[in-house]
Structures are given as C-alpha cells and as structure tokens.
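To keep things clear, I will list the structure first and then write my remarks on it.
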Amino acid sequence: NKCELFGSFWKIVNDMRRNSMNGMPVGNVLQKDHLYEQVADLLEQQILNNYEDGARLPSEQHLAEEYSVSRTIIRESLKLLKERGLIDSKTGSGSYVTRPEAQNIADVVYRIIQMDQIDYVSVFDMRMILEMESISRAVNHVTTAEMKEMEHLLELLKDPKLSNEKRSKYDFSFHYMIAKASGNPLLALMTEAIGTICQEMIHKAFLLQDSLRDSIARHNLIMNAIKARDEKAAKEAMRGHLERSKRNYEEYLQRQQEG
C-alpha cells in the first residue's frame, strides 16, 4: 500500500547510506556534531529493515546503552523520527513504529516551496510533468471503479453551493484519482505530495468570475476522453486545462497587485 511504498522508498535511500558505513562499528560512525541526527539515521535504518508497523521500540535506556549515548540524545533522536513520520510516542508506554503517509512529504514540499520562494511557474511545470504522464497511462489502466469515483467527484464539483475550499479539494482529488489510475503508485504518491500547494492555487483561481464554469467544462472533456480511452484527446484536454489554470492563477496575482 501507499505507506509501505513510502517506507520502501526510504529503505532504498538508507541502504545507500548504510552501504557507505559497512564494516564500521557504531562507535566509529557516530561523531560529536549533531549526534542525535546520526543516531536518528541509524534508528531509521533499523525501523525500515527490522520493524513492522505498530511494533514497539526498545526503551530509551536500552537504546542509550546500545548506541553508547545519553538518554537526552535518544529523546532528541526519537523526536526527529516522529517528525519524519516513522514513530508515534505514547505517554507512559513508549515509541511505536508508524508508516509515513503522503502528507508527510506534502508538508515538507510545502515548507521548501515557501522557504526557498519557489515560484508558481515551477509548481505548474511540475504539475504538467506529473499529470501529463499520469493521464497518458491512466487511459490504458483505469478501472471501472476508478472511473466511477472520478465521475462522482465531477458531480460534487458542479454543486454551486460548494465553498471554494471544498471545491478546490474535490478538484485536486479528481487529478489525484487520474494519477492513481495510472497504475504507477509513485506517480500517485508524488502527485499527492504537491497537493497542499496545488489546492491553495486552485482555491485562488476559483475566485475569478466564470472560472468554475470553464473548469467543469474542461474536467468533463478530460473525463470523456478517459472513458473513451482516447489517449491523444485526454492529453490534449489535460494540457489545455492545466495551461488555463496557470493563466487563471496569473490573472489572480495580477489583480492582487493592482489592488
């Protein structure tokens, strides 16, 4: 499932990290600078390789002895692992392994975009890359159940009484379903990971007059092409929709600047 996939992804990363440490005892690997981060990295390797979801980690005292560090270092390491979505701490009970969700990635991506001031053009470029590939594959892999879910989301979008917040959520959910229907779980995971920033942009674009009518019409074009399993028409409809979404967002920004 999605959580296991996320864990597998990080397992590959940490296998590479661990290979560079082969043959080195823990005492030689750990350095004084940022010690808690290094302990957290080693604990992460153990979690991904040796623990099942829901398993209880050894006590702080046991881990402190195992890594020859203080319990304070262990506590800081566990806090870091919790931030990574790998464990959950229960007062009086200890720390338990959890599988990270796509939201963990989404939160990190959103913070990076904000802190590094990555512009909207880059975000839309990323959407174009992910969603054009998703729809190309979805046309050939989509199931009847997935098509029904897409159609359900379109019906929800047509409700004129919907708040913009819910509308942007349903809008992005439709796009996520296309990525899911691609048959490639990483495409779905990466699409979901940019969901927070995309929903924020969709929400603002919906503030423009007539944007709702145009959006529904373009989503219908996409849906009809998917149902017909017409890859060329589906890609053309998706490209046109994303390009129009970008222009709508640019118009929103321009109006904000003009006051």
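Predicted model only: the values in this text are computed from it and were never measured.
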Could you tell me which residues satisfy salt bridge (charged side-chain N to carboxylate O under 4.0 Å, His left out) with Arg71, sequence neighbours excluded, listed by chain and number? Glu60
Please check if the side chain of Arg244 supplies one atom and the backbone of Arg218 the other of a donor-acceptor pair under 3.5 Å. no
Considering residues at least two apart in sequence or located in another chain, which fulfil the side chain to side chain donor-acceptor pair (under 3.5 Å) criterion with Asp159? none
Which residues share a side-chain contact (heavy atoms from CB on, under 4.5 Å) with Met223, sequence neighbours left out: Met147, Met150, Glu151, Leu154, Phe174, Ile226, Lys227
Gln254: side-chain contact (heavy atoms from CB on, under 4.5 Å) partners, not counting sequence neighbours: Glu258
Could you give all pairs that pass the ring pair (Phe, Tyr, Trp, His ring centres under 6.0 Å) test and reach residues 102-142, with sequence neighbours left out? Tyr120-Tyr249
Under the salt bridge (Lys or Arg N to Asp or Glu O under 4.0 Å) definition, can you give me all pairs with a residue in residues 137-146, not counting sequence neighbours? Glu133-Arg137
With sequence neighbours excluded, what pairs up with His203 under the ring pair (Phe, Tyr, Trp, His ring centres under 6.0 Å) test? none
Answer yes when Lys79 and Glu83 have at least one side-chain N-carboxylate O distance shorter than 4.0 Å, and no when they do not. no
All side-chain contact (heavy atoms from CB on, under 4.5 Å) counterparts of Lys90, not counting sequence neighbours: Asp88, Ser93, Tyr96
Sorted by chain and residue number, the side chain to side chain donor-acceptor pair (under 3.5 Å) partners of Arg111 (sequence neighbours excluded) come out as none
Please name all residues satisfying side chain to side chain donor-acceptor pair (under 3.5 Å) with Ser163, sequence neighbours left out, ordered by chain then number. none
Could you tell me whether the side chains of Glu231 and Ser136 share a donor-acceptor contact shorter than 3.5 Å? yes
Under a 3.5 Å distance rule, please check whether His219 uses its side chain to pair with a backbone N or O of Ser215 as donor and acceptor. yes
With a 3.5 Å cut-off and no angle check, do the side chains of Ser122 and Asp119 form a donor-acceptor pair? yes
Does the side chain of Gln46 come under 3.5 Å of the side chain of Glu66 through a donor N or O and an acceptor N or O? yes
Could you work out, with side-chain contact (heavy atoms from CB on, under 4.5 Å) as the rule, every residue matching Leu221, not counting sequence neighbours? Ala237
When you measure from the side chain of Ser77 to the backbone N and O of Val39, does any donor-acceptor pair fall under 3.5 Å? no
Residues passing the side chain to side chain donor-acceptor pair (under 3.5 Å) test with Glu155, sequence neighbours excluded, are Lys158
Could you tell me whether a side-chain N or O of Asn184 sits under 3.5 Å from a main-chain N or O of Leu186, the two making a donor and an acceptor? yes
Does Gly94 offer a backbone N or O that forms a donor-acceptor pair with the side chain of Ser59 under 3.5 Å? no
